[in-house]
Amino acid sequence: MTRQPETLRGATIAGTGMYVPERVLTNADLERMVDTTDAWIVERTGIKERHIAAPGQASSDLALIAARRALEMAGVDAGDVDQIIVATITADRPLPSCACDLQPKLGATKAAAYDLSAACSGFVFGLGVGRSLIGAGLADTVLLVGVEELSCIADYEDRNTCVLFGDGAGAAVLRPCEPGEGILSVSMHSDGGHGNILEVPAGGSLAPATAETVAQRGHFVKMQGRELFKLAVRGMEDSMRAALAQAGLSPADLELVIPHQANLRIIEAARERLELPPEKVIVNIDRYGNTSAASIPISLDELVRAGRLKPGDAVGMMAFGGGLTWGSVVARWTLARQGAGAATTAAAHGAAS
């Protein structure tokens, strides 16, 4: 077991925010687009609806609203942000990064801005990076955003994948705290040997965009679901156990667990292997679908604004995604401003300011 390095100070989440677009794509809508049914989708995934970005609404636009809400809750001015980390695989464009597109919109003029590409594990990996920056004294305020517009890479002729994905953004502001508080441990893992299990095969240097790659639908997500299921359940369980061991805790010590919202069956299988009661494991996939790097921070913000996390609570977050990547975080909650900020969970759906 790898022990977490000693740091001069800890890092904690000081504010959260989320945003999902106004348009809702229901299973009934998908029935008119592809050969599927509501019953088939719910039985296999647990999803009933997902939110889809409007034409011209870029990932950085979704990220902007979530980021503003997180900064407001934290009581931090955008001009005081030292680092912006955006976890995404659906940036506005290949160059520059989504974080650099977000920076001027936010007014975070002094922040270093860059993207982190770890697919659905991106927010967990970002917490690890942000914690290290703060612990080493390289930053005092880190803005971490998980944002995706998976509707842009979903193949709406493939019923096995298009029913899964939604768009959204979630953000967290990381600030220093006493060692032993806030983020207690982070477990991050990758296995590129299984990269073809979940991929977008075209559009990069291996297969640049051509008329042929477009005709072959190579710019959409391809997934081997059966193989992914087994690896996802095992990866989330193993990484959560590793993070708990590093923090000196057990699954029973966790007040709440926020899993990546990929598939209800995956969430349930991981919950059972960790021997967690259903009431401790957060599920909102029915309302949002799989929003990749955004799913954990969206869930986290809903919990904070509903007052379900209290200072001293131990909370776990676990994810699995393309790469393959997987990881978990264990944190001792310190944020006391439950319900802070003007935006409620309901207002986070479709509000643009």
Side-chain angles (χ1 to χ4, degrees), residues 1-7 11 85-89 114-133 135-136 144 146 148 170 172 174 182-200 221 223-251 254 257-263 265-276 281-282 290-297 299-300 314-331:
M1 179 182 67
T2 302
R3 300 297 300 178
Q4 295 294 300
E6 295 294 330
T7 58
I85 304 172
V86 174
T88 188
I89 57 169
Y114 48 94
D115 287 359
L116 187 158
S117 179
C120 304
S121 306
F123 187 78
V124 166
F125 279 34
L127 287 174
V129 173
R131 176 186 187 234
S132 298
L133 289 166
L144 172 61
E148 301 290 7
L174 306 184
I183 300 171
L184 302 179
S185 60
V186 183
S187 177
M188 299 185 289
H189 308 272
S190 301
D191 183 355
H194 290 297
N196 65 323
I197 290 177
L198 180 59
E199 64 173 343
V200 176
V221 172
M223 181 179 71
Q224 299 176 36
R226 192 179 301 274
E227 292 80 1
L228 188 67
F229 182 97
K230 294 179 289 186
L231 292 169
V233 173
R234 186 183 311 128
M236 289 202 294
E237 179 199 6
D238 290 349
S239 65
M240 178 54 71
R241 291 193 184 279
L244 284 165
Q246 291 163 10
L249 300 174
S250 70
L254 295 171
V257 174
I258 307 172
H260 165 53
Q261 307 290 305
N263 180 299
R265 289 180 172 182
I266 291 175
I267 294 171
E268 282 297 298
R271 179 189 68 76
E272 291 174 0
R273 291 177 69 146
L274 288 165
E275 299 181 328
L276 294 165
V281 178
I282 302 306
N290 180 347
T291 57
S292 187
S295 76
I296 288 178
S299 301
L300 179 62
V315 58
M317 307 172 215
M318 56 186 185
F320 187 96
L324 295 175
T325 61
W326 64 98
S328 292
V329 168
V330 173

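Judged by distance alone, the side chains of Ser239 and Ser187 never bring a donor and an acceptor atom under 3.5 Å apart.
The shortest non-hydrogen separation linking Phe123 to Ala87 is N-CB, 3.9 Å. Nearest approach of Ser190 to Thr325, heavy atoms of both residues: OG-CG2, 3.8 Å. Nearest approach of Leu116 to Gly122, heavy atoms of both residues: CD2-O, 3.9 Å.
Contact annotation: the side chain of Leu300 never approaches that of Ile282 to less than 4.5 Å [non-hydrogen atoms, C-beta and beyond]. With a 4.5 Å cut-off on side-chain heavy atoms, Arg241 and Leu274 count as touching. Using a 4.5 Å heavy-atom threshold, the side chains of Asp191 and His189 count as separate. For the pair Val129 and Tyr114, the minimum side-chain heavy-atom distance is below 4.5 Å. Taking 4.5 Å as the limit, every side-chain heavy atom of Val124 sits out of range of all side-chain heavy atoms of Met318. Within the 4.5 Å cutoff, side-chain heavy atoms of Ile89 are placed close to those of Glu148. Side-chain contact check for Val233 versus Arg265: every heavy-atom pair is 4.5 Å or farther apart. For the pair His194/Leu228, no side-chain contact is recorded, criterion being any heavy-atom separation below 4.5 Å from C-beta on.
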For this session: Apply side-chain contact (heavy atoms from CB on, under 4.5 Å) to the pair Leu133 and Ile85, showing each step before the final yes or no.
Result: CA-CA 11 Å; Leu133 289 166; Ile85 304 172; 4.2 Å; yes
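For the pair Glu268 and Arg271, the salt-bridge criterion is met [side-chain N within less than 4.0 Å of a carboxylate O].
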